[in-house]
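Keep in mind that this is a model prediction, so the values were computed, not measured. Each chain gets a letter, A, B and so on, in the order the sequences are listed, and its residues count up from 1.
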There are 2 protein chains.
Amino acid sequence: MDMSRPKTRIQKKNTLAILEAALEVFSQHGFRGTTLDQIAQAAGLSKPNLLYYFPSKEAIHTALLMGLMDTWIDPLKEMDKDGNPVDEIVAYVLRKLEMARVYPRESRLFANEIVQGAPHIADQIKGPLRNLVNDKAELIRGWAGDGKLAEIDPHHLIFSIWSTTQHYADFDVQVRGILQPERDEHFEAASAFLETFYRRVLTPK
Amino acid sequence: MDMSRPKTRIQKKNTLAILEAALEVFSQHGFRGTTLDQIAQAAGLSKPNLLYYFPSKEAIHTALLMGLMDTWIDPLKEMDKDGNPVDEIVAYVLRKLEMARVYPRESRLFANEIVQGAPHIADQIKGPLRNLVNDKAELIRGWAGDGKLAEIDPHHLIFSIWSTTQHYADFDVQVRGILQPERDEHFEAASAFLETFYRRVLTPK
DNA sequence: GTCTATAAGGTGATAGAC
DNA sequence: GTCTATCACCTTATAGAC
C-alpha cells in the first residue's frame, strides 16, 4: 500500500492549519520577512513539528502558491463565449473585485511574489496563465470584430482589470489612508465605480 | 560652525552611491530580503563603511522612501485647473505611465512597502498624499459638475490611474511573461491603450 | 574615512528522547 | 507525531587599528 501520502485525519488538519497560518504571515511580510517561528505560532505547532509536515520553509511557500494558483485564475475561465460580451466582461470585473474583497491575503501573496520577480511561479505565468489569457483575448477580439464590443486591445484590457481590482486588496492601506471610512464601504463604492467605468469603455458606439 | 552635516564631496558621492545601490536591492528583494552585504557590494563599499554613513539598515530604507516620496507624487500636482479637463487627466495618466517606465525600481520600492502595510510611510499617506488627492478630487468633481467631464467618482478614478499605470512596473514579469516581446514595446502599447481607454471613459456624452 | 575582526542575536533545519 | 535541545549559518551592528 502507498505510504507516500498516508494522510491521517490529524495530518490533514495540521497541514491545513500550517497552510492557513503561512498564508496569513507570508501575505503580510513576504517570503524573507516571514519566520518559521511566526508560522508555527500562528498554526499552534512547534517549529520542528512544522518541519515534520513540510521539509522546508520554501516548501510551505511553494505549496501555498501552487495550491492557490487555480483558484486565483478561475474567474477568468468562467468568461462565457455565448453570453453578452459587455455583460460577460463586466461580470468578470466584478468577480475579480469580489476575490480581492474576500481573499485579500491571497492577492497580496501573489503581489509579493510577482513584484519580486515571480521566482517560484514564472513557469505558471509563461505557461498555463499565458495560454488562458491568449484564449480569452482571442474571444474578446472576436467580439470586437463583430461590433458587439468597442474596439480595444484585449491583453491590455485584461491587465487593466487585474490591476484595478487587485489594487483594493494589495494597496488596501493606501486606499484606506486616503478614503478613511470602513473597509467594506470601499468595495461597494469600487464595485459601482468599476461597473460604470468598464461599461462605458466597452459599449460599442 | 555646524558639524552635524559636514558633507564633503566624497561624503556626498558615497551617500548617493549607497542610496542608488539600496534602491536597486530593496526594490528587488524588499526590506527583509535585502542584506547590508548586497547594498555594500552594489555601492562598492565595505559593510562597516556603509554604517559609517547611515546608522542602520532601516535608516537607509527610510531615507530612500522619504527622499523619493515627493518625486513620486509630483505628476499629480501638475494637473492644471485651467487646462482642458479630459486632456489634463489623460496627460496625467501618460505622465504616470512614463514614471513607471523610467523609474520601475522606485515603483516597486513603494509597492513592496504598501503591500506589506506601509509601516514606514503611513503618515505620509494619511497626511500630505491624502490632502493632495482630496484637492484634485475636488477639482475633478467640479469639472464633471460643469459638464466638461463625464460623471465619475474622482477618488476611484485616481486609484484606477495609479493601478493601471504602476502595474506595468510592479507586475512587469507577469506582463512580459504573457506578452513575450521586448520591454519598451509594452509601454508603447500600454500608452496607446490607456490614452484611448481614459478618453473614452472621461469624455462627456 | 576605511578597514579587519568580532560580538550578539536571529533563523532554518536536525538529532534524538518520548 | 510531538517535543526539547542544539547546531550551523547568516545578518546587523560595533570595536578598534590604521
Looking only at side-chain atoms of [X], point me to the closest of [options].
| X | options | result |
| --- | --- | --- |
| B:Gln11 | D:dT11, D:dG1, C:dG1 | C:dG1 |
| B:Leu36 | D:dA13, C:dA15, D:dG1 | D:dA13 |
| B:Ser56 | D:dA13, D:dG1, D:dT11 | D:dA13 |
| A:Lys57 | C:dT2, C:dA13, D:dG1 | C:dA13 |
| B:Pro48 | D:dT4, D:dG1, C:dC3 | C:dC3 |
| B:Lys47 | D:dT12, D:dC3, C:dG1 | D:dT12 |
| B:Asn49 | D:dC3, C:dG1, C:dG12 | C:dG1 |

Using whole Å, what does the distance between atom [atom2] of nucleotide [N] and atom [atom1] of [X] come to?
| X | N | atom1 | atom2 | answer |
| --- | --- | --- | --- | --- |
| A:Lys12 | D:dG1 | NZ | P | 12 Å |
| A:Ile18 | D:dG1 | CD1 | P | 12 Å |
| B:Phe26 | D:dT12 | CZ | C1' | 12 Å |
| B:Ile10 | C:dC3 | CD1 | C1' | 14 Å |
| B:Leu50 | D:dT14 | CG | P | 13 Å |
| B:Phe54 | C:dG1 | CZ | C1' | 15 Å |
| A:Leu45 | D:dG1 | CG | C1' | 10 Å |
| B:Asp37 | D:dC9 | CG | P | 16 Å |

Check: A:Ser160 main-chain N/O paired with A:Ser163 side-chain donor or acceptor under 3.5 Å: yes
Main-chain N/O of A:Pro104 paired with A:Ser107 side-chain donor or acceptor, under 3.5 Å: no
Respond yes when some side-chain nitrogen or oxygen of [X] is under 4.0 Å from OP1 or OP2 of [N], and no when none is.
| X | N | value |
| --- | --- | --- |
| A:Ser46 | D:dG1 | no |
| B:Tyr52 | C:dG1 | yes |
| B:Arg32 | C:dT11 | yes |

Sugar-phosphate, base or nothing in reach of B:Tyr53, heavy atoms under 4.0 Å: sugar-phosphate
Sugar-phosphate only, base, or nothing, as touched by B:Leu51 at under 4.0 Å among non-hydrogen atoms: base
Check: B:His61 ring centre within less than 6.0 Å of B:Phe26 ring centre: yes
Note, A:Ile89 side chain near A:Ile161 side chain (heavy atom, < 4.5 Å): yes
Cation-pi check, A:Lys96 onto A:Trp72 ring (under 6.0 Å, within 45° of axis): yes
